Amino acid sequence: MIKRIDVVTLLPQMFAALTDYGVIGRALQSECLEFATWNPRDFTEDKHRSVDDRPYGGGPGMVMRPEPMACAIKAAQAAAVGRAYCVYLSPQGRLVDHDILQDLLARPRILLVAGRYEGLDERLIEAEADLELSIGDYVLSGGELPAMVLIDAMLRWLPGVLGDEDSAKQDSFAQGLLDYPHYTRPEVWDDVAVPDVLLSGDHKKIRRWRLQQALGRTWLRRPELIGQRRLSDEERCLLDEYIGEQEQ
Ligand code: 9WO
């Protein structure tokens, strides 16, 4: 189980968005979990404290110098017992999914490396990173937001982080399905009524309706997720019924 998260970043202040707000902020400030940031700029030795340099081979933009990055990573690694599993966030990485989150959560320490500019010197990635991860097929201006996305998605799985102990375990992606639709008061809003079944008080019927909605919406919006998942007899039956209703 995760005990400590370190982040190497040129913009440590950005992480206040995570540490200072909400349930994730509380988790990161609790005794159970250590959190620290490391700024490569603090490990520069030249007058201008430069962290970037021109790319070999030419072309636009700048590349992060390996020396200050390596020093920051080594300092982060030395800040606690044991070695942290080192993850570099980049669009070239493997796409993050529920299984990767669980794998990271099972490690005692992780060290996230957020790049800026055009990225890190490839030799540093090869030497230090255990894994390269992407949160989606788009380029941002740095790895900080992806690092925060990863931390948020991981920490909501820790016991006690979400108010309701079961919320994370009922999480739709844990089941390999999209979520079912939610409703609250009023019973009629904007001329639209809440589905009758949710007012029936019949909890078996409600569970089946929600499962059917989750299956049906996944089939409509993310059919590849249905292909990847084996359905129980009940699920197959509920989905077939949903598809039948769609076709009418
Ligand atoms: C910028 C750029 C500018 C001109 C030509 C090529 C270029 N490539 C990049 C680029 O990929 N910059 C990255 C910015 C370098 C690594 C940190 N940055 C980053 C990470 N952007 N987006 C991510 C990211 C990480 C994880 N998941 C999705 C996006």
Side-chain angles (χ1 to χ4, degrees), residues 2 4-19 24 28 35-44 48-77 84-107 109-157 171-173 178 222 224-225 228:
I2 193 109
R4 181 180 172 105
I5 299 172
D6 289 283
V7 182
V8 170
T9 170
L10 284 170
L11 295 172
Q13 309 93 312
M14 281 183 74
F15 287 81
L18 214 54
T19 57
I24 302 301
L28 288 172
F35 178 77
T37 56
W38 304 84
N39 191 338
R41 204 173 291 284
D42 296 336
F43 297 87
T44 52
H48 296 104
R49 308 184 75 194
S50 65
V51 290
D52 60 329
D53 204 341
R54 299 185 340 253
Y56 276 118
M62 300 293 268
V63 177
M64 292 184 83
R65 296 176 50 220
E67 301 96 323
M69 259 341 247
C71 288
I73 291 171
K74 288 196 163 62
Q77 285 286 11
Y85 189 70
C86 183
V87 178
Y88 176 51
L89 287 312
S90 98
Q92 284 73 48
R94 173 168 165 203
L95 275 178
V96 173
D97 63 15
H98 177 73
D99 292 340
I100 292 176
L101 293 179
Q102 298 305 318
D103 180 89
L104 294 177
L105 271 166
R107 301 174 186 275
R109 293 187 62 187
I110 61 168
L111 166 54
L112 305 178
V113 179
R116 282 268 142 183
Y117 311 109
E118 267 57 71
L120 269 55
D121 185 301
E122 192 65 24
R123 293 166 297 183
L124 180 73
I125 302 172
E126 286 168 4
E128 300 293 345
D130 298 301
L131 185 65
E132 201 167 334
L133 287 182
S134 166
I135 62 159
D137 292 332
Y138 36 77
V139 179
L140 303 168
S141 48
E144 284 80 7
L145 289 170
M148 286 191 258
V149 166
L150 205 60
I151 294 169
D152 186 292
M154 279 173 36
L155 295 192
R156 58 190 299 287
W157 285 94
D171 175 300
S172 55
F173 278 104
L178 303 186
R222 298 288 305 279
E224 79 280 10
L225 293 179
Q228 288 161 20

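Just follow the structure's listing: the first ligand is 1, and inside any ligand the first atom is 1. Treat the numbers as computed from the prediction; the structure is a model and nothing was measured.
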Check your understanding: Considering residues at least two apart in sequence or located in another chain, which fulfil the salt bridge (Lys or Arg N to Asp or Glu O under 4.0 Å) criterion with Glu224?
Key -> Arg222
Practice item. Write out all pairs satisfying side-chain hydrogen bond (donor to acceptor under 3.5 Å, both in side chains) with one or both partners inside residues 132-152, taking only residues at least two apart or from two chains. Key: Thr9-Glu144, Ser90-Glu132, Arg116-Glu144
Check your understanding: Applying a heavy-atom distance cut-off of 4.0 Å, which protein residues contact ligand 1?
Key -> Tyr88, Leu89, Ser90, Pro91, Gly115, Tyr117, Glu118, Gly119, Leu133, Ser134, Ile135, Gly136, Tyr138, Val139, Leu140, Gly142, Gly143, Pro146
**Study point:** Contact summary for Val87 and Leu104, nearest pair of heavy atoms
**Key:** CG2-CD2, 4.1 Å
Practice item. Identify the heavy atoms of Cys86 and Glu128 that sit nearest to each other, and give their distance. Key: CB-O, 3.2 Å
Check your understanding: What pairs with Ala16 under side chain to side chain contact (heavy atoms under 4.5 Å, CB included), at least two apart in sequence or on another chain?
Key -> Thr19, Asp20
**Study point:** Closest non-hydrogen atom pair, Arg4 against Ala36
**Key:** NH2-CB, 3.7 Å
